[in-house]
Every structure is written in C-alpha cells, then in structure tokens.
Amino acid sequence: MINKAAELIRESSNPVVFSGAGMSRESGMRTFRGEEGLWKEYSPEQLSSISGLRADPELVWSWYRMRLIAGKNVVPHPGYYALTYLQEQKGHLPVITQNVDGLHRQAGQTDVMELHGSMRTASCIDKCGFSVHLTSELLRADPPVCPDCGAILRPDIVLFGEPLPPETISRSYELAEGCDLMIVIGTSVQVWPAAGIPFAALEGGAVIIEINPVQTELPHSDNVISIRRKAGEILPVLTGFKEKR
Ligand code: APR
C-alpha cells in the first residue's frame with residue numbers, strides 16, 4: 001500500500017495537496033473533531049461565527065488569544081518539509097488548505113490556497129478598511145478595537161455562515177478537477193464546500209492518497225488509497241524526503 005502510494009506520487013504529473021487540521025497535529029495544533037477535538041469543549045457557533053463574536057467579543061477573543069498563543073511557537077513538522085521537497089521534485093505543487101495557521105507557507109510551499117483564511121491578521125468587523133497583523137500587544141486589548149472607527153476587530157478567518165473567498169474556492173475546484181493525483185491529509189472531510197474538493201478530484205479521474213489515522217467520509221474505491229498513518233511520519237516515506245540532521 002505504501003509502496004504503491006509512493007510510486008503513484010513519483011509518477012504523477014500534476015499532483016495537488018488538500019489538507020486539514022490533522023496536518024498540523026504533530027506540530028502541536030489541536031484538531032476540531034475526534035477524541036481531543038476543540039469542538040468537544042467549545043461550541044463553533046459561539047466561537048467561530050460573526051453572531052457569536054458580536055454577542056460576546058471578550059469570550060471569542062480570549063479563545064483566539066489561546067489559539068494564537070498556542071500557535072506562536074508552532075513550527076512545521078517533517079511532513080511539511082516533505083511536501084516542500086515534493087514541490088521541488090515536481091517543479092510545482094498547489095496546496096489547498098483548510099488550515100489558518102500558515103504552516104504550509106512557513107515550510108516553503110509557494111502556491112497555497114487558504115480556503116478558510118488566516119489567523120495571522122485581523123480586520124475591522126464593520127469593514128471600514130482597517131486591517132492589521134495580529135501581534136501580542138493587540139491581543140492584550142480585550143477585545144482589540146479598530147483604531148479608525150472603534151468597532152471590534154475580527155480575525156481574518158472565514159467564520160461559520162460566511163462565504164469562502166470566491167476566487168480561492170473556484171481555483172481550488174478547478175485544480176481538483178484537473179489533477180491526476182490528490183494527496184488528502186488530516187481532514188475529516190465534513191465541512192462544505194471545502195469537503196467537496198476531494199470528490200471533485202475523483203470526478204475528474206484523479207487517484208486520491210488519503211493520510212489519516214482514522215476512517216473518513218471518503219468513499220471506498222479503487223481510486224482511493226487510504227493510509228492510516230500520521231502525516232509527519234508517512235509523508236517523508238512517501239516522498240523520499242530525508243531530513244538534514
Ligand atoms: N496525521 C494525519 N491526520 C490526522 C492526524 C495526524 N497526525 N491527527 C489527526 N488527524 C485527522 C483526524 O483523524 C481527523 O480526521 O485529522 C482530521 C481532522 O479533522 P477535523 O478536526 O474535522 O479538521 P478539518 O477536517 O480540517 O475541519 C475542517 O472545520 O471547524 C472547521 O474551520 C474548521 O477548517 C476547519 C474545518
């Protein structure tokens with residue numbers, strides 16, 4: 001199974017990566033679902049929606065502060081560098097991610113589509129035009145407010161109930177439909193429209209290599225090879241990436 005997947009990656013002419021929270025698990029970021037998932041302790045509607053942010057900005061910003069501080073010392077694990085190595089081998093490797101932690105770019109991937117935005121910046125909730133890199137002093141203000149109009153700031157991630165950036169989602173679907181191989185890493189494939197991307201790849205005739213320790217919504221088919229391993233462990237094996245010691 002692993003040798004077959006490694007061979008498919010070696011032979012693919014236009015692979016695409018699709019990743020979720022599990023891709024960052026071995027870098028220390030928590031996932032949303034599953035045993036230790038964030039949504040077991042917190043309500044997404046309360047903490048990751050515009051209505052929740054307006055109803056209780058202190059609660060929502062204290063949650064993001066916790067995640068940002070947790071994310072501050074987070075670095076890409078070897079699985080990320082294996083993807084950068086694959087990008088160098090292939091000359092180009094589009095990465096479609098649901099993650100907002102910026103780790104794909106930090107590891108050197110250059111064509112990254114952040115479907116759910118980025119946790120590294122914040123902007124005015126009333127769209128007056130102010131936007132800023134989230135820094136620790138901003139996070140001391142509880143909740144941070146817009147210096148131009150006094151409204152609260154919001155993290156630049158796509159909150160529940162908001163549309164995904166239209167150009168990002170349409171390019172992602174185009175890449176999915178046109179690729180010959182999609183490496184689907186660390187996602188429960190449950191949150192649409194992002195979750196439709198692997199299905200679009202299958203409809204376009206691609207083979208999927210899924211890396212996830214547990215079973216997901218992806219169908220059982222000859223075109224889906226599911227490797228029940230962790231991303232940080234198996235990506236170097238599948239790509240032939242050797243960490244420089
Ligand atoms: N390697 C690979 N996969 C892993 C690892 C690992 N080390 N650890 C956990 N996983 C898998 C889990 O088994 C799970 O299937 O990662 C998946 C994470 O699933 P979710 O927590 O649902 O994350 P994701 O699929 O990215 O969620 C999509 O939901 O709440 C929203 O906006 C949020 O972008 C997020 C979206």
Could you tell me which non-hydrogen atom of [X] sits nearest to which non-hydrogen atom of [Y], and how far apart they are?
X: Gly52; Y: Ser49; result: N-OG, 2.9 Å
X: Ser172; Y: Leu115; result: OG-CD2, 3.5 Å
X: Met113; Y: Pro94; result: CE-CB, 4.0 Å
X: Ser48; Y: Trp39; result: CB-CH2, 3.9 Å
X: Leu83; Y: Leu93; result: O-CD2, 3.5 Å
X: Glu233; Y: Val237; result: O-CG2, 3.7 Å

Salt-bridged, Glu114 to Arg120, with N to O below 4.0 Å?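 Salt bridge: no.
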Does Asp126 pair with Arg54 as a salt bridge, N-O distance under 4.0 Å?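 Salt bridge flag = yes for Arg54 with Asp126.
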Flag for [Y]-[X]: side-chain donor and acceptor within less than 3.5 Å:
X: Gln109; Y: Thr84; answer: yes
X: His104; Y: Gln87; answer: no
X: Asp101; Y: Ser24; answer: yes
X: Gln215; Y: Ser226; answer: no
X: Ser188; Y: Glu217; answer: no

With rounding to the nearest 0.5 Å, note down the distance linking [atom1] in [X] to [atom2] in [Y].
X: Ile211; Y: Arg229; atom1: CD1; atom2: CZ; result: 10.0 Å
X: Ile125; Y: Phe130; atom1: CD1; atom2: CZ; result: 14.0 Å
X: Leu8; Y: Ile208; atom1: CG; atom2: CD1; result: 12.5 Å
X: Asn99; Y: Ile157; atom1: CG; atom2: CD1; result: 11.5 Å
X: Tyr85; Y: Lys242; atom1: OH; atom2: NZ; result: 7.5 Å
X: Asp180; Y: Asn14; atom1: CG; atom2: CG; result: 4.5 Å

Can you tell if the side chain of [X] reaches within under 4.5 Å of the side chain of [Y], non-hydrogen atoms only?
X: Ile9; Y: Ile209; answer: yes
X: Gln46; Y: Leu59; answer: yes
X: Pro165; Y: Val158; answer: yes
X: Leu38; Y: Trp63; answer: yes
X: Thr97; Y: Val112; answer: yes
X: Ile50; Y: Arg154; answer: yes
X: Lys230; Y: Pro213; answer: yes
X: Ile96; Y: Ser19; answer: no

Step by step, work out the side-chain hydrogen bond (donor to acceptor under 3.5 Å, both in side chains) result for Glu210 and Thr216. CA-CA 9 Å; Glu210 178 188 34; Thr216 64; 2.5 Å; yes
So does Ser118 get a backbone contact from the side chain of Asp156, meaning a donor-acceptor N/O pair under 3.5 Å?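 Side chain of Asp156 to backbone of Ser118: no pair is present.
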Sub-3.5 Å donor-acceptor pair from the side chain of Asn212 to the main-chain atoms of Thr187, do we have one?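 Yes: the side chain of Asn212 pairs with the backbone of Thr187.
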For Val100 and Arg67, what are the C-alpha separation, side-chain angles and deciding distance, and is it a side chain to side chain contact (heavy atoms under 4.5 Å, CB included)? CA-CA 11 Å; Val100 296; Arg67 286 188 63 203; 4.1 Å; yes
Check for me, please, whether [X] and [Y] land in the same ILVMFWY cluster - side-chain distances under 4.5 Å, paths through other members count.
X: Ile234; Y: Tyr81; answer: no
X: Ile225; Y: Leu238; answer: yes
X: Val184; Y: Leu175; answer: yes
X: Ile197; Y: Val16; answer: yes
X: Val191; Y: Leu164; answer: no

For Trp61, does the six-membered ring have the charged nitrogen or CZ of Arg65 within the cation-pi criterion, i.e. under 6.0 angstrom from the centroid and within 45° of the normal?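 Judged by the rule (NZ or CZ under 6.0 Å from the ring centre, within 45° of its axis), Arg65 is not positioned above Trp61.
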Starting from the C-alpha separation in whole Å, work towards a yes-or-no answer on side chain to side chain contact (heavy atoms under 4.5 Å, CB included) for Glu7 and Ile2. CA-CA 9 Å; Glu7 186 191 340; Ile2 292 175; over 6 Å; no
Can you confirm whether more than 12 heavy atoms, excluding those of Lys90, are under 6.0 Å from its NZ atom?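 Count over threshold, so yes.
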Side chain to side chain contact (heavy atoms under 4.5 Å, CB included) for Cys124 and Ser131? Distances and angles first, verdict last. CA-CA 6 Å; Cys124 174; Ser131 177; over 6 Å; no
Identify every side-chain donor-acceptor pair in residues 27-35 under 3.5 Å, counting partners at least two apart or on other chains, and give the distances.
| from | atom 1 | to | atom 2 | distance (Å) |
| --- | --- | --- | --- | --- |
| Ser27 | OG | Val75 | O | 2.7 |
| Ser27 | OG | His77 | N | 3.1 |
| Arg30 | NE | Glu36 | O | 3.3 |
| Arg30 | NH1 | Glu41 | OE2 | 3.2 |
| Arg30 | NH2 | Glu36 | O | 3.0 |
| Arg30 | NH2 | Glu41 | OE2 | 2.4 |
| Thr31 | OG1 | Arg33 | O | 3.0 |
| Thr31 | OG1 | Glu36 | OE2 | 3.4 |

